[in-house]
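Here is the structure we will look at.
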Amino acid sequence: MTDKLRLRFAPSPTGALHIGGARTALYNWLAARHEGGELVLRIEDTDHERSTAENVEQILDALRWLELDWDEGPVSQAGRAPAHALALARLLESGAAYRDSATAKDVEAWKAEHGAGSGYRGTPTEEPGAAIRLRVPDEGETVVEDLLRGPVAFPNRSYDDFVIARGDGSVLYNFAVAVDDAEMGITEVVRGDDHLSNTPKQLLVLAALGHEPPRYAHLPLLHGPDGKKLSKRHGAASVQELRDAGYLPAAVRNYLALLGWGTDDDTTLMPTAELVARFRVEDVGRAAAIFDEKKLRWLNGRFMRELPLDDYTAAVARHLGREPDEQLRAACEIAQEKAQTLEEVWPLIRFLFEPPVDDPKAWAKVMKEGAGELLAAAASALEPVDPFEPAAIEAALAPVLDRFDVKAGKLYQPIRVAITGSSVSPGIFESLAVLGRERSLQRIGAAVERLSTGQLDV
RNA sequence: GCCGCUAUCGUCUAGGGGACUAGGACGCCGGAUUCUCAGUCCGGAAACCGGGGUUCGAAUCCCCGUAGCGGUACCA
């Protein structure tokens with residue numbers, strides 16, 4: 001094959017892009033980029049009932065967020081109706097297809113009579129409103145040469161003379177796909193496993209039209225935690241949901257790539273460039289995989305920690321809808337090591353932007369007897385610290401520990417609760433430093449005050 | 001029903017006849033990091049669906065079964 005590789009991603013806009021679709025898009029993209037081929041985006045919108053413009057926009061939005069670009073399109077399949085009509089006329093002309101007025105009920109009755117193993121064979125009619133069916137041979141088999149599983153043979157007689165166009169002339173999926181793939185010069189079709197049994201139909205259409213078929217690779221499906229095929233009605237995680245949950249596109253790409261594909265040296269963490277360099281469709285596994293968010297979380301944390309601070313700040317800002325200013329940057333710097341998702345950042349840095357939260361449990365847990373005294377001592381120790389930086393703060397607090405002869409946690413936890421309201425925060429010295437001397441002393445003072453008035457909340 | 005695909009730890013996987021007392025990663029459990037959480041480091045438990053073949057030898061090849069999944073629309 002000297003043909004330049006040309007792939008296509010062809011989603012149907014009947015809902016948001018879910019992770020299974022996203023993985024298919026990613027694999028097509030990786031295959032194209034790996035070989036320096038082209039990727040065409042085609043929207044399979046021949047079902048007017050279910051296809052909506054909003055869904056198309058959602059899919060484009062998802063692909064853009066994933067940073068998967070395409071070289072051509074989006075091409076509307078419905079927009080190619082004239083080309084479909086032409087191909088249809090040719091088949092009618094050659095006798096490869098015929099009009100048949102049978103309804104679904106008629107077909108059912110026919111099958112009841114001829115046995116379950118036989119595909120329906122209709123009776124040609126001149127009736128203008130009748131649907132158009134493709135003539136399927138009774139003998140022989142149609143073989144799909146699949147890149148992942150080798151040849152897969154399907155007996156022709158198990159297929160109906162299937163409908164390729166409705167009575168009104170609008171075409172159906174298996175016909176449109178075959179025509180489009182051929183006419184758009186697609187050399188390799190990478191799509192979900194759920195299309196494997198439909199491929200013989202497309203091969204039959206291609207043969208009737210005299211087109212050379214593309215190569216096919218049918219990816220194993222992605223299953224939900226219930227083991228079933230992932231679908232929109234599943235409520236399965238859409239790409240947008242992953243974004244809202246605070247995942248990084250690069251981490252999602254890495255994770256999705258690993259669902260069904262692995263390297264022989266067990267590399268897990270791979271930047272996109274490495275994915276592109278190493279990915280080969282023929283290396284994809286054959287068994288369905290289940291989406292497991294835990295591993296995505298871990299992977300995402302790895303990517304987050306490796307981000308340069310400015311990029312990290314920008315990502316957090318975008319997620320929070322804030323400006324990536326100096327204050328946010330300083331907050332991000334002390335939180336970067338601790339968050340696995342962008343969503344987890346705010347609870348850690350919130351105290352720098354708002355008054356301490358009110359968490360009775362945290363307060364009750366650490367504000368025990370002696371806490372007030374310790375906090376008062378800590379405040380005095382912090383007062384003269386200059387510059388107000390982590391190392392200096394730690395040095396100033398150390399003597400307090402000795403004087404009261406308490407373990408570090410005895411002092412630091414009350415301080416943490418005093419300045420953040422929560423028992424969880426970034427490192428205590430860093431937190432104090434970024435909060436600043438004034439606000440720190442003020443909050444510690446408030447806590448001492450609250451303790452002295454006997455408010456030992458439960 | 002019919003046609004087809006698939007089957008290694010809970011999950012993602014490596015392994016393609018001897019290198020397998022089956023490797024890695026996530027998760028889980030335990031320990032360390034005398035500030036929380038997270039992270040990091042160390043240690044641990046944890047799998048070849050079942051049965052027949054083929055072979056000196058099978059997780060690896062073949063057959064049957066079982067299970068799961070997909071297709072079987074005038075949906076895509």
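As the structure is a prediction and not an experimental result, all values here were calculated from the model. Letters go in sequence order (proteins before strands), and every chain restarts at 1.
Using a 4.0 Å heavy-atom cutoff across all strands shown, A131(A) reaches at least one base atom of the nucleic acid. When heavy atoms are screened at a 4.0 angstrom cut-off, A398(A) is found touching no nucleic acid atom at all. Residue A153(A) is classed as a sugar-phosphate contact, given heavy-atom separations below 4.0 Å to backbone atoms only. Heavy atoms of E337(A) sit under 4.0 angstrom from at least one base atom. Nucleic acid contact for G117(A): sugar-phosphate only, since backbone atoms but no base atoms lie under 4.0 Å from a heavy atom of the residue. Contacts of Y255(A) with the nucleic acid, taken as non-hydrogen atoms under 4.0 Å apart, are absent. Among the atoms of the strands shown, none is found under 4.0 Å from any heavy atom of P200(A). At the heavy-atom level, S423(A) lies under 4.0 Å from base atoms of the strands shown. Backbone-only engagement by D160(A) is indicated by non-hydrogen atom pairs under 4.0 Å involving sugar-phosphate atoms exclusively. Here G119(A) lies out of heavy-atom contact (under 4.0 Å) with every strand. At a threshold of 4.0 angstrom between heavy atoms, the contacts of Y173(A) include nucleobase atoms, whether or not backbone atoms are also involved. Within 4.0 Å (heavy atoms only), R286(A) reaches sugar-phosphate atoms of the nucleic acid but no base atom. Nucleic acid contact for I428(A): base, since at least one base atom lies under 4.0 Å from a heavy atom of the residue.
Look at CD on E333(A): it is 21 Å from P on G39(B), rounded to the nearest Å. Rounded to whole angstrom, the span from the CD atom of E344(A) across to the C1' atom of G39(B) amounts to 12 Å. Distance, I415(A) CD1 to C35(B) P: 13 Å, rounded to whole Å. Here A14(B) presents its P atom at 11 Å from CH2 of W261(A), a figure rounded to the nearest Å. For Q340(A) and C26(B), the CD to P distance is 11 Å, given to the nearest whole Å.
Residue order along RNA chain B, read from the 5' end via each residue's closest nucleotide, puts R149(A) first among R149(A) and D100(A). Taking for each of A288(A) and K111(A) the nucleotide of RNA chain B with the nearest heavy atom, the 5'-most of the two is the partner of A288(A).
With distances taken from any side-chain atom of V152(A) to the nucleotides G4(B), C35(B), U11(B), the minimum falls on G4(B). Which of C74(B), C12(B), C69(B) sits closest to the side chain of L172(A) comes down to C74(B). Checking C75(B), U11(B), C35(B) against the side-chain heavy atoms of A408(A) singles out C35(B) as nearest. Here the nucleotide nearest the side chain of K295(A), chosen from U11(B), A25(B), C37(B), is A25(B). Listed candidates were G71(B), C12(B), C74(B). Nearest to the side chain of S197(A) is G71(B). The side chain of W298(A) lies closest to U40(B) when the candidates are U11(B), U40(B), A38(B). The side chain of L221(A) has G70(B) as its nearest neighbour among A76(B), U36(B), G70(B). Each of U36(B), C3(B), U6(B) was ranked by its minimum atom distance to the side chain of S158(A); first place goes to C3(B).
Remark: C35(B) base-pairs with no nucleotide in the shown strands. Criterion, Watson-Crick or G-U wobble with two distances under 3.5 Å. Base pairing of G16(B) is not made with any nucleotide, judged by Watson-Crick or G-U wobble geometry with both donor-acceptor distances under 3.5 Å. Searching all strands for a Watson-Crick or G-U wobble partner of C9(B) with both distances below 3.5 Å returns nothing. Both distances falling under 3.5 Å, in either a Watson-Crick or a G-U wobble arrangement, occur for no nucleotide opposite U60(B). Searching all strands for a Watson-Crick or G-U wobble partner of U54(B) with both distances below 3.5 Å returns nothing. Using N1 to N3 plus N6-O4 or O6-N4 for Watson-Crick, or N1-O2 and O6-N3 for G-U wobble, each under 3.5 Å, G71(B) pairs with C2(B). Pairing partner, G65(B): C49(B), with both Watson-Crick or wobble hydrogen-bond distances short of 3.5 Å. Of the nucleotides present, C29(B) is the one that pairs with G43(B) by Watson-Crick or G-U wobble criteria, both distances under 3.5 Å.
Side-chain N/O atoms of N198(A) and base N/O atoms of A76(B) include a donor-acceptor pair closer than 3.5 Å. For C26(B), its base never sits under 3.5 Å from the side chain of K294(A) at any donor and acceptor pair. Looking at D266(A), its side chain comes within 3.5 Å of the base of G23(B) through a donor and an acceptor atom.
To the nearest whole angstrom, the two P atoms, one in G23(B) and one in G57(B), are 25 Å apart. C29(B) and G70(B): their C1' atoms are spaced 38 Å apart (whole Å). Taking atom P in both G27(B) and C41(B), the straight-line distance is 12 Å, to the nearest Å. A58(B) and G50(B) are spaced 16 Å apart, taking the C1' atom of each and rounding to whole Å. Comparing the P positions of G16(B) and C61(B) gives a spacing of 10 Å, expressed to the nearest Å. Nucleotides A22(B) and G10(B), compared at atom P, are 15 Å apart to the nearest Å. Rounded to whole Å, the separation between the C1' atoms of U72(B) and C64(B) comes to 25 Å. A19(B) and G71(B) are spaced 42 Å apart, taking the C1' atom of each and rounding to whole Å.
Note: Y255(A) and F291(A) have perpendicular aromatic rings, judged against thresholds of 30 and 60 degrees for the angle between ring planes. The aromatic rings of F353(A) and W346(A) sit tilted, their planes meeting at an angle between 30° and 60°. Using bins of under 30°, 30° to 60° and over 60° for the plane-to-plane angle, the ring pair F279(A)/Y27(A) lands in the tilted bin.
Remark: R305(A) is in phosphate contact with U40(B), judged by side-chain N or O atoms under 4.0 Å from OP1 or OP2. The side chain of R302(A) places no N or O atom within less than 4.0 Å of a non-bridging phosphate oxygen (OP1 or OP2) of C26(B). Of the side-chain N and O atoms in T46(A), one or more sit less than 4.0 angstrom from OP1 or OP2 of A76(B).
A donor-acceptor pair is defined here as one N or O able to donate and one able to accept, closer than 3.5 Å; no such pair exists between the side chain of D100(A) and the backbone of P124(A). Between the side chain of N28(A) and the backbone N or O of V190(A), at least one donor-acceptor pair lies under 3.5 Å.
Taking a centre distance below 5.5 Å and an interplanar angle below 30 degrees as the stacking criterion, H195(A) does not stack against the six-membered base ring of G71(B).
For the residue pair T341(A) and N300(A), no side-chain donor N or O sits within less than 3.5 Å of a side-chain acceptor on the partner. A donor and an acceptor atom, one from each side chain of S76(A) and D45(A), are located under 3.5 Å apart. No hydrogens or angles considered: a donor-acceptor pair under 3.5 Å links the side chains of R416(A) and S425(A). No hydrogens or angles considered: nothing links the side chains of T313(A) and R329(A) as a donor-acceptor pair under 3.5 Å.
By the 6.0 Å and 45° rule, R8(A) does not stack over the aromatic ring of W70(A).
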